[in-house]
S.K.: 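Please read through the structure below; I'll follow up with questions.
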Amino acid sequence: MVQLYLSEIIDSQDQEKFEKIYRHYEQKMFSVAYGILRNVQDAEDAVQDAFEALAGNLSRIDGQDVYSRETWAYLMVIVKNKAIHIYNKNKKRKEAAAGDFNLLEELADEFQDIEGKIEQKTFANAIARMVLELPERCRMVLYLHYYNDMSYVEIGRTLGMTESNARQIARRARKIMEKKIVEQRIAESRTTRFLKGGVI
C-alpha cells in the first residue's frame, strides 16, 4: 500500500520521510480510527484517507522530527478528522436507510422531564437537529458515549483528553440542549396561542 502513496510523491527525500512515517505510525493511526468507528474496514479507510492527505502536506513535518510528539499529534488530528467524517457519513446513511433512532431516543429519554408532551419519535428528530448543531467536540463526545456505548475513560483516550474533560464536555452539551429545548417549547407555546387567537 505504501508504494501507492510514494508514487504520488516526486521528491526522493519526501518519499523517504513518508515511508518512515507510514511504517512507524500506521498501526497507531488505525487504533485511533477504530476507537471512533468500531469497524475494521471503516478504520482502514480512515487511515488511507489520512495518508492521502498527508502525502500532499509533508512540508508540515520536519524531516529530522519524524518520530516526535508533535508529529504524532499532527497525524492524530488528521486521522481523527477522517474517522469522524466517515462516522458522520455512515450515521446519516443509516438514519436515511433504516430510521436509526437508537442514539436519539436515548438522549430523548434524558430530557423527558422537560419535553414530556412531545411524542418520542418527534422529539428524537428535534434532538437530532440539536446534536448536529452542537460544537464538534460536544457532538463527538455524545455520539461516542450514547451511540458507540463508550465510557468517558475510553472517549478520553480516543479524543486525546482526560476522563474529567470528557465528562465536562458531555455536561456542557446537555446544558446547551436543555436550553434549546426550553426555547423551543416557549416558541411552540407562543405559536399555538397565536393560532388560537390568544395574546403572545
S.K.: Atom NZ in K20, atom CZ in R23: separation rounded to 0.5 Å?
M.R.: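 Those atoms lie 13.0 Å apart.
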S.K.: Would you indicate whether R139, at its atom CZ, is surrounded by more than 12 heavy atoms from other residues, nucleotides or ligands within a distance under 6.0 Å?
M.R.: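 Enclosed: over 12 neighbouring heavy atoms sit under 6.0 Å from CZ of R139.
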S.K.: What pairs with H24 under ring-ring contact (aromatic ring centres under 6.0 Å, His included), at least two apart in sequence or on another chain?
M.R.: Y67
S.K.: To the nearest 0.5 Å, tell me how far M29 CE sits from W72 CH2.
M.R.: 7.0 Å
S.K.: Quick one: are P135 and R172 in side-chain contact, heavy atoms under 4.5 Å?
M.R.: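 Yes; the side chains approach each other to less than 4.5 Å.
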S.K.: Taking Y74 as the starting point, is it possible to reach L58 by hopping between hydrophobic residues whose side chains are less than 4.5 Å apart?
M.R.: yes
S.K.: Just jot down the side chain to side chain donor-acceptor pair (under 3.5 Å) partners of Y152, sequence neighbours excluded, or say none.
M.R.: R174
S.K.: Taking D42's backbone N and O only, do any of them form a donor-acceptor pair with N39's side chain (distance below 3.5 Å, no angle check)?
M.R.: yes
S.K.: Say you draw a straight line from CG of D49 to CD of E44; how long is it, rounded to the nearest 0.5 Å?
M.R.: 12.0 Å
S.K.: Of all the heavy-atom pairs spanning A46 and L37, show the shortest one and how long it is.
M.R.: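 Taking every non-hydrogen atom into account, CB-CD1, 4.1 Å.
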S.K.: I need the full list of salt bridge (Lys or Arg N to Asp or Glu O under 4.0 Å) pairs touching residues 73-85, with sequence neighbours left out, sorted by first then second residue.
M.R.: none
S.K.: Would you say K28 has more than 12 foreign heavy atoms packed within less than 6.0 Å of its NZ?
M.R.: yes
S.K.: If you round to the nearest 0.5 Å, how far is CD1 of I84 from NZ of K89?
M.R.: 14.0 Å
S.K.: Give the C-alpha distance, both sets of side-chain angles, the deciding distance and a yes or no for side-chain contact (heavy atoms from CB on, under 4.5 Å) between Y25 and M76.
M.R.: CA-CA 9 Å; Y25 293 108; M76 190 160 53; over 6 Å; no
S.K.: Is the backbone of I36 close enough, under 3.5 Å, to the side chain of T158 for a donor and an acceptor to pair up by distance?
M.R.: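 Between the backbone of I36 and the side chain of T158 there is no qualifying donor-acceptor contact (under 3.5 Å).
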S.K.: Measure across V40 and F30 and return the closest heavy-atom pair with its distance rounded to 0.1 Å.
M.R.: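 Looking at all heavy atoms of both residues, the closest pair is O-CE1, 3.8 Å.
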S.K.: Quick one: does F51's side chain get under 4.5 Å of I21's, heavy atoms only?
M.R.: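 Heavy-atom side-chain distance check passes, below 4.5 Å.
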S.K.: Give the intermediate values and the outcome of side-chain contact (heavy atoms from CB on, under 4.5 Å) for residues N81 and E136.
M.R.: CA-CA 10 Å; N81 287 339; E136 181 178 342; 4.0 Å; yes
S.K.: So how far is it from K179 NZ to I176 CD1, rounded to the nearest 0.5 Å?
M.R.: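 Reported to 0.5 Å precision, the distance equals 9.0 Å.
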S.K.: Kindly write out the residues that satisfy salt bridge (Lys or Arg N to Asp or Glu O under 4.0 Å) with E133, not counting sequence neighbours, or none if the list is empty.
M.R.: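 Scan of E133 (salt bridge (Lys or Arg N to Asp or Glu O under 4.0 Å), adjacent residues dropped) gives K180.
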S.K.: Can any side-chain N or O of D65 pair as donor or acceptor with the backbone N or O of I61 at less than 3.5 Å?
M.R.: no
S.K.: Taking side chain as C-beta onward, heavy atoms only, is R137 less than 4.5 Å from V141?
M.R.: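 In short, these two side chains do not touch, never coming nearer than 4.5 Å.
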S.K.: Side chains of residues 164-171: which donor-acceptor pairs under 3.5 Å do they make with residues two or more places apart or in other chains?
M.R.:
unit_1: N165; atom_1: ND2; unit_2: T162; atom_2: OG1; d: 3.3
unit_1: R167; atom_1: NE; unit_2: E163; atom_2: OE2; d: 3.2
unit_1: R167; atom_1: NH2; unit_2: E163; atom_2: OE2; d: 3.2

S.K.: Of all residues at least two apart in sequence or in a different chain, which pass the side chain to side chain donor-acceptor pair (under 3.5 Å) check with D45?
M.R.: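 D45: side chain to side chain donor-acceptor pair (under 3.5 Å) contacts with Q41.
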S.K.: Please report the shortest heavy-atom distance between A173 and L142, naming the atom on each side.
M.R.: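 The pair with the smallest heavy-atom distance is CB-CD1, 3.8 Å.
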S.K.: Nearest 0.5 Å, please: how far is CD in E154 from CG in L159?
M.R.: 11.5 Å
